[in-house]
Undergrad: 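Right, I'll just put the structure down here and ask away after.
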Protein chains: 2
Amino acid sequence: MKISLREKRRRQTALDIQRATLDLAREYGFDQVTTDAIAERAGVSTRTFFNYYTNKEAASVGHPLGLPEEAKRAFEAGNRLLSEDLRNLMAAHLEQIEDMQDIMQDMIRLARDHDRVKRLLDQFLAGLVEELKASLALRMPDAPDDLRRVLADWVLTGLGHAITDWVGSDHMSLQAAFKREWEVQSRVAEILLESRDG
Amino acid sequence: MKISLREKRRRQTALDIQRATLDLAREYGFDQVTTDAIAERAGVSTRTFFNYYTNKEAASVGHPLGLPEEAKRAFEAGNRLLSEDLRNLMAAHLEQIEDMQDIMQDMIRLARDHDRVKRLLDQFLAGLVEELKASLALRMPDAPDDLRRVLADWVLTGLGHAITDWVGSDHMSLQAAFKREWEVQSRVAEILLESRDG
DNA sequence: GGCATCCATTGCATAGTCTGCAATTATTGC
DNA sequence: GCAATAATTGCAGACTATGCAATGGATGCC
């Protein structure tokens, strides 16, 4: 309940602007789109556009969702198998994303052609890694730093692949894509273990 | 261009509230719906609800569109056959309404069961009649008052029927419904003339 | 090079909107 | 007639959006 009505409206406007940006970029090409045009399409003044985003690139990426707080806390306090709790945490995160396939699609497509957009996305992903590392630090305080780092990396790389698969095909749910990715990674893990054992 | 960004947003909010009202009424029945619930569904505070509408009934009817100013002026200055110019004026008005079939549907259904809503709708229709009378007064200043009154009545009764037909069946366009109604009325007019002649 | 133009970006003052709260007034079921 | 619930309204303050004007960068043309 911490999202006030104002915050809610704020998010909506931010989304409207992002949507406008992506739509115009798709229609005319990112470089042809002016901030004025975006503002107009979104139904706000140019000034307001800049109240929300520092530039077109930022607008096209929007304000991506972090890990859901609630699930994060559950994870940090969790006591089941680590991999299981991790899967739950990620599932909660995926759920948030699930109904933005169209936006994701445009965003990723855009990132392919525009480094500055791609960089923003990468930065955001890096932020998620940090977030997960922080949670892992609480969940397994005694584990060495680099283990947590690799683990967080591992999971979020999976997320990235899953999202890419998902936006590429409309018959697969994000959850399914992630599950598949997770399985692939698990198999890799097994192989690594075999070689260690052998 | 007279609609500022603020005015635009205002209209959107007014629409959101109306939509919320109609949706909730459909889901739970008009009488079970509280203003609080409407405000929450619409994403505004209760106070804001009352900034837009004086009560539930008003919210469910919204701020219906009057005759489009531009077309009205064209009509007033028109010099073709009166019936022709009238049809054009109405066509312009219908065009405005065309893409609100869902709202209309809920509104009319609601009006069937709720006198206070029905009264508002009737009042609104009466307002349209006045508007048209005023335009007719400019278009044909020399015609007697009661002739203009009957004419305006005649046209807007037709509009009412057309809208009812339209919301009742989704395969017919509003324009088509009005055309059909217009033809029926024309036939009636012919019959009246015949009897006069005979 | 230098100028004109278009667009991005920012600061600032102001107008306008939304909200929380509390008080007042119906309405309704019992 | 009395609670309880819902509808309304006033008000002051918090917050947001906007217009405008200024600055700076980039581009393209003479």
Side-chain angles (χ1 to χ4, degrees), chain A residues 1-25 27-63 110 114-117 119-120, chain B residues 1-63 110 113-117 119-120:
Chain A
M1 287 294 116
K2 64 166 174 288
I3 42 168
S4 67
L5 287 165
R6 277 188 168 121
E7 176 65 12
K8 214 172 181 176
R9 195 165 287 283
R10 234 187 135 55
R11 290 186 192 187
Q12 187 54 53
T13 303
L15 247 181
D16 290 346
I17 294 176
Q18 184 184 10
R19 212 17 319 149
T21 307
L22 292 172
D23 285 350
L24 288 173
E27 289 170 29
Y28 303 106
F30 189 68
D31 295 329
Q32 316 313 315
V33 178
T34 70
T35 51
D36 278 322
I38 295 172
E40 185 184 345
R41 175 75 70 101
V44 300
S45 75
T46 305
R47 192 65 191 78
T48 298
F49 172 90
F50 284 105
N51 285 345
Y52 278 83
Y53 299 107
T54 58
N55 52 41
K56 279 194 289 186
E57 287 80 12
S60 67
V61 173
H63 294 149
L110 201 57
H114 296 270
D115 285 351
R116 301 189 47 187
V117 175
R119 210 161 307 147
L120 279 178
Chain B
M1 286 296 115
K2 64 167 175 285
I3 42 168
S4 69
L5 286 165
R6 278 189 166 119
E7 176 64 13
K8 215 171 180 178
R9 193 164 289 285
R10 235 188 134 55
R11 291 186 191 187
Q12 187 54 55
T13 303
L15 248 181
D16 290 347
I17 294 176
Q18 184 185 9
R19 202 40 299 158
T21 307
L22 291 172
D23 285 349
L24 287 173
R26 188 154 35 67
E27 289 170 30
Y28 303 106
F30 191 68
D31 295 329
Q32 317 313 316
V33 177
T34 69
T35 52
D36 278 322
I38 295 172
E40 184 184 346
R41 175 74 71 105
V44 300
S45 74
T46 305
R47 193 64 190 76
T48 298
F49 172 90
F50 284 105
N51 286 344
Y52 279 84
Y53 299 107
T54 58
N55 51 44
K56 278 194 291 185
E57 286 80 13
S60 67
V61 173
H63 295 150
L110 202 56
D113 301 333
H114 295 271
D115 284 351
R116 301 190 47 186
V117 175
R119 211 161 306 148
L120 280 180

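Just so we're clear, the structure is a prediction, and the values are computed from it rather than from any experiment. A note on names: the letters A, B, ... follow the listed sequences, proteins ahead of strands, and every chain is numbered from 1.
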Undergrad: Start with the C-alpha distance between A:Asp16 and A:Gln12, add both sets of side-chain angles, then the distance that settles side chain to side chain contact (heavy atoms under 4.5 Å, CB included), and finish with yes or no.
TA: CA-CA 6 Å; A:Asp16 290 346; A:Gln12 187 54 53; 2.9 Å; yes
Undergrad: Taking atom C1' of C:dC18 as reference, at what distance in whole Å does atom CZ of A:Arg10 sit?
TA: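 Computing the A:Arg10:CZ to C:dC18:C1' distance gives 14 Å.
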Undergrad: Taking any heavy-atom pair under 4.0 Å as a contact, classify B:Asn55: base, sugar-phosphate, or nothing.
TA: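 The residue B:Asn55 makes sugar-phosphate contact but no base contact.
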Undergrad: Which distance, rounded to the nearest 0.5 Å, do you find between the CZ of B:Phe30 and the CG of B:Asp113?
TA: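 Answer for the CZ-CG pair, B:Phe30 versus B:Asp113, is 11.0 Å.
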Undergrad: Kindly say if A:Thr35 contacts the phosphate of C:dC7, meaning a side-chain N or O under 4.0 Å from OP1 or OP2.
TA: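 So the side chain of A:Thr35 is outside the cut-off, no N or O lying under 4.0 Å from OP1 or OP2 of C:dC7.
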Undergrad: Rounded to the Å, how far apart are A:Tyr53 OH and C:dC7 P?
TA: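 Those two atoms, OH and P, are 22 Å apart.
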Undergrad: Under 4.0 angstrom, heavy atoms only, what part of the nucleic acid is A:Tyr52 near: base, sugar-phosphate, or nothing?
TA: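 Sugar-phosphate, backbone atoms only, no base.
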Undergrad: Base, sugar-phosphate or nothing for B:Thr48? Non-hydrogen atoms, less than 4.0 Å.
TA: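 Answer is base: heavy atoms of B:Thr48 come under 4.0 Å of a base.
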Undergrad: Applying side chain to side chain contact (heavy atoms under 4.5 Å, CB included) to A:Glu40 and A:Asp36, what does each step give before you reach the verdict?
TA: CA-CA 6 Å; A:Glu40 185 184 345; A:Asp36 278 322; over 6 Å; no
Undergrad: Rounded to 10°, tell me the angle between the two end axes of the helix from C:dG1-D:dC30 to C:dC30-D:dG1, each built from five pairs.
TA: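 Roughly 40° between the end axes, to the nearest 10°.
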Undergrad: Please report the distance, rounded to the nearest Å, between CD1 in B:Ile17 and P in C:dT17.
TA: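 For the pair B:Ile17 CD1 and C:dT17 P, the rounded distance is 13 Å.
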Undergrad: Does the B:Lys56 side chain pair with the main chain of B:Val33, one donor and one acceptor, at a distance under 3.5 Å?
TA: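 Confirmed, B:Lys56 side chain pairs with B:Val33 backbone.
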Undergrad: I need the single residue from A:Leu120, A:Leu22, A:Leu110 that forms a side chain to side chain contact (heavy atoms under 4.5 Å, CB included) with A:Val61. Which is it?
TA: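 Exactly one candidate clears the test, A:Leu120.
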Undergrad: In whole Å, I'd like the distance from the CZ atom of A:Phe50 to the P atom of D:dT18.
TA: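 After rounding, the reported distance stands at 14 Å.
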Undergrad: Please determine whether the number of non-hydrogen atoms from other residues, nucleotides or ligands lying under 6.0 Å from atom CZ of B:Arg26 exceeds 12.
TA: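 Yes, because the 6.0 Å sphere around CZ of B:Arg26 holds more than 12 heavy atoms from other groups.
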Undergrad: Just how far, in rounded Å, is C1' of D:dA26 from NZ of A:Lys56?
TA: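 The distance from NZ of A:Lys56 to C1' of D:dA26 comes to 13 Å, rounded to the nearest Å.
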Undergrad: Give the rounded distance in Å between these two atoms: CZ of B:Arg116 and C1' of D:dA7.
TA: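 B:Arg116 atom CZ is separated from D:dA7 atom C1' by 11 Å.
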Undergrad: Can you figure out which of D:dA17, D:dT8, C:dT19 approaches the side chain of B:Thr46 most closely?
TA: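 It is D:dT8.
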Undergrad: Pick the closest DNA chain D nucleotide for A:Asn51 and for B:Asp36 by heavy atoms, then say which residue is nearer the 5' end.
TA: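 On the 5' side of the pair lies B:Asp36.
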Undergrad: Using a 4.0 Å heavy-atom cut-off, does B:Thr34 contact any base of the nucleic acid, only the sugar-phosphate backbone, or nothing at all?
TA: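 B:Thr34: backbone/sugar contact only, no base atoms under 4.0 Å.
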Undergrad: For B:Tyr53 and B:Thr21: C-alpha separation, side-chain torsions, deciding distance, then whether side chain to side chain contact (heavy atoms under 4.5 Å, CB included) applies.
TA: CA-CA 11 Å; B:Tyr53 299 107; B:Thr21 307; over 6 Å; no
Undergrad: May I have the distance from B:Arg9 (atom CZ) to D:dC15 (atom C1'), rounded to whole angstrom?
TA: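 After rounding, the reported distance stands at 14 Å.
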Undergrad: Please report the distance, rounded to the nearest Å, between CZ in B:Phe49 and P in D:dA7.
TA: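 One finds 8 Å between P of D:dA7 and CZ of B:Phe49, rounded.
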Undergrad: Pair B:Leu24, B:Gln32 - check side chain to side chain contact (heavy atoms under 4.5 Å, CB included), show working.
TA: CA-CA 9 Å; B:Leu24 287 173; B:Gln32 317 313 316; over 6 Å; no
Undergrad: Would the base of D:dG10 count as contacting B:Arg47 through its side chain, where contact means a donor and an acceptor less than 3.5 Å apart?
TA: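 Answer yes: a donor N or O sits under 3.5 Å from an acceptor.
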Undergrad: Tell me which nucleotide among C:dC18, D:dA7, C:dA8 gets nearest to the side chain of B:Thr13.
TA: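 Closest nucleotide to the B:Thr13 side chain: C:dC18.
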Undergrad: Does the base of D:dC15 carry an N or O that pairs as donor and acceptor with the side chain of A:Arg6 under 3.5 Å?
TA: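 Side chain to base: no pair below 3.5 Å.
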